[in-house]
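Written out below as structure tokens is the structure these notes cover.
In the text below, chain A, chain B and the rest are named by the order of the sequence lines, each starting its count at 1.
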Amino acid sequence: MTAKLDPEDLQPVAGGGLLHRRLLLKSGLVLATAAAAGSTHAASDAPAQKITEDLASPSWMRTPGQPFTTYGKPSKYEARVIRSIGANRDLPSNGVSWTPLESLEGIITPSGLHFERHHNGVPEIDPAQHRLVIHGLVKQPLMFTVDSLLRYPMQSHLIFIECGGNSNAGWHEEPIQRPLGSFHGLVSCSEWTGVPLAVLLDQAGIDPKATWVIAEGADAAVMNVSLPLAKLMDDAIVALYQNGERIRPENGYPLRLVIPGFEGVTNVKWLRRLQLTSEPVMARNETSKYTELLPSGKARQFTFTIEAKSLITSPSAFQKMFGANIYEIRGLAWSGRGKVAKVEVSADGGKSWAEAALQEPVLSRCFTRFRMPWSWDGSPAILKSRATDETGYVQPERDVLVKERGRNGYFHYNGILAWGIDEDGVISHVYA
Amino acid sequence: MSMRDRGPFFTALAAAAVVVAVGAGAQAAGERKAPHLGTPMSAEEVAKWDLTIFPDGRGLPPGKGTAKEGRVIYENQCAHCHGDDGRGATAEELVADPQPLTEEAASKAIGPYWPYATTIFDFIRRSMPAGAPGSLSADEIYAVTAYLLAANKVIGDTDEMNAKTLAAVKMPNRDGFEWIDVKK
């Protein structure tokens, strides 16, 4: 049943037809959403889906269903919801796979769709043959088996992880035209469970001269990075579980470092070694890579923190509009500095803004889902979202970011994303 | 939530876990209550695990090599992905003409960008060649490192690289980095 709209509900709160977020609380209100390309929800101008079943009594109501399975999979009708892969053609083990953010809802990324960045493939680690070593500026170097770590008291955190190279096409001169996830999908959010690293470091006995920890993985890149000890003592965990099950191989099985709010590369997968030191190692992945060259010729280094960012996931590129209607704009926001304080949405390219509804729970360093009702009159519109975190940091417009950083930085792009919608309802990525 | 305000839930769990850890040593006052399940390691055992090479050369193994030797290894092992003369192909550009970094002449090749020469040895030893990491000897890695530094005109064509000379190389862009989230 559709709730009745009162005239004041349709009073815009900002330009372009944005409506007050309280409209979302109206019981039974049905809002349109843009549909995925080729979606099973027929858009008004899409050819009608061929009906092959008696809808009142489909065949699956008249015959026993499939037997039990030991490990469930998504419906075969969702086979298009997959990670998209971008790998080096000479070295397919070096590359990324993107989370299809435009096809997902809520704040948890299914483990099988969590983004990947591998420097040389996914090792198939036998946990019985894997050890974690803590050494360097400690009283007593220690070696841990995976089974022994499973016996420690654990903590869980709902934490986003974003690759420092996510959204790097944002630095391009022309706006890239790809589905949202294949451009911004090197970010995902999981429940990570494991042992607080501080417990293990304390047991090794931290030398007061230690200020850094060099973390190293057991992959074929033996990937290593230097991390500030103070942050690791504050909230890092040696994670063993992701979304309730043991971490998937591509996400670090059997052990991964999870450092809330820090860029992805620091969340070292297949963790094998932690060395306490008084200086950084100056690894390739903290000098040549994961640093941002500025117009001045200087480069930003040890830019660990992921700054606040938001994306409108629907409507987004390659989705279809249903014509003039009331829509729910949907999106994700996050900040490596803490909670998202607010997300504002604009339907007129940033001339005017109105606050979106934040869906509970709103957690520190976790995806936050936002929603905004929008009355689209069918004329061209430009949608934007802008996150502000609890420290007061405001996500910058792209031109401001590019002016400050130039276009050669590659990493840490968090400029405001704009979707242009034309009178035919075609959605494209625009710089506006 | 930080470790320092983890609250009664954690404490209760930790207390439960201590019961499991029969035989764990007495806990010092204020120490986090958890079992002690790490196995102590000797310095000899740690040395087998420790792959770190620091900017001052600590961790560099014995061995030596020159650019001439390194060119042959580069052409056989590296050029397919990194291109002729290190100019880049499906993998990164490693060699570029020396010039100041600007918006127009941006380069992340070794010569113009990398702050430390030890990083080259460390990265090759741990990660390269990508099809067979760990397959090059220390002499071969010193030689490829010498070749890359000479091609970038950071050292002379006949300079030998070893633990001492490599650590002494001062890269042109040593001071080109501003630390953002940590104080220098």
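Looking at A/Arg284, both its backbone and its side chain come within 4.5 Å of chain B, counting heavy atoms on both sides. Heavy-atom distances place both the backbone and the side chain of A/Arg300 under 4.5 Å from chain B. With a 4.5 Å cut-off on non-hydrogen atoms, A/Thr211 does not touch chain B at all. With a 4.5 Å cut-off on non-hydrogen atoms, B/Pro100 does not touch chain A at all. Looking at A/Pro260, there are no atoms closer than 4.5 Å to chain B (heavy atoms on both sides), in backbone or side chain. When heavy atoms are compared at a cutoff of 4.5 Å, A/Pro295 approaches chain B by way of both its backbone and its side chain. Residue A/Lys289 touches chain B through its side chain alone, counting heavy-atom pairs closer than 4.5 Å. Looking at A/Leu293, the atoms closer than 4.5 Å to chain B (heavy atoms on both sides) sit in the backbone and in the side chain alike.
In this structure, the side chain of B/Glu103 does not engage the main chain of A/Asn408 through any donor-acceptor pair within 3.5 Å. A donor-acceptor contact shorter than 3.5 Å is absent between the side chain of A/Asn224 and the backbone of B/Thr52.
The minimum heavy-atom distance between A/Asp90 and B/Cys81, with the atom names listed, is CB-SG, 3.9 Å. For the pair A/Val281 and B/Phe54, the tightest heavy-atom approach, listed with the atom from each and the gap, is CA-CD2, 4.4 Å.
Taking A/Ala299, A/Gly297, A/Gly338 one by one and counting their heavy-atom pairs under 4.5 Å with chain B, the maximum is reached by A/Ala299. Chain B forms more heavy-atom pairs under 4.5 Å with one residue of A/Arg89, A/Met223, A/Gln275 than with any other, namely A/Gln275. Per-residue counts of heavy-atom pairs under 4.5 Å with chain B were compared for A/Arg273, A/Gln140, A/Lys298; the largest is that of A/Arg273. Contact tally against chain A (heavy-atom pairs below 4.5 Å) for B/Pro40, B/Ala43, B/Ala89: the top residue is B/Pro40. For the set A/Leu91, A/Val133, A/Leu149, A/Leu294, the entry with the most heavy-atom pairs within less than 4.5 Å of chain B is A/Val133. For the set B/Thr102, B/Thr90, B/Leu101, the entry with the most heavy-atom pairs within less than 4.5 Å of chain A is B/Thr90. Contact tally against chain B (heavy-atom pairs below 4.5 Å) for A/Ser296, A/Pro228, A/Ala220, A/Ala204: the top residue is A/Ala220. In terms of non-hydrogen atom pairs under 4.5 Å with chain B, the most contact-rich of A/Thr305, A/Leu200, A/Leu363, A/Asp219 is A/Thr305.
For residues 104-137 of chain B, the interface with chain A (any heavy-atom pair closer than 4.5 Å) comprises B/Ala106, B/Ser107, B/Lys108, B/Tyr113, B/Trp114, B/Pro115, B/Tyr116, B/Thr119, B/Asp122, B/Phe123, B/Arg126, B/Ser127, B/Ala130, B/Pro133, sorted by residue number. The interface of residues 169-184 of chain B with chain A, defined by heavy-atom distances below 4.5 Å, comprises B/Asp175, B/Gly176, B/Phe177, B/Glu178, B/Trp179, B/Ile180, B/Asp181, B/Val182.
Under the 4.5 Å side-chain criterion, counting only non-hydrogen atoms from C-beta, A/Glu216 is not in contact with B/Trp49. Between B/Pro35 and A/Pro153, some side-chain heavy-atom pair lies under the 4.5 Å cut-off.
Note that CG of B/Leu37 and CD of A/Gln203 are 7.0 Å apart. Values are rounded to the nearest 0.5 Å.
With respect to A/Arg131 and B/Glu45, no salt bridge is recorded, no charged nitrogen being found less than 4.0 Å from a carboxylate O.
By the ring pair (Phe, Tyr, Trp, His ring centres under 6.0 Å) test, A/His119 is found to be paired with no residue, residues two or more places apart in sequence or in another chain being considered. Not counting sequence neighbours, the partners of A/Asp207 by the salt bridge (Lys or Arg N to Asp or Glu O under 4.0 Å) test are A/Lys209.
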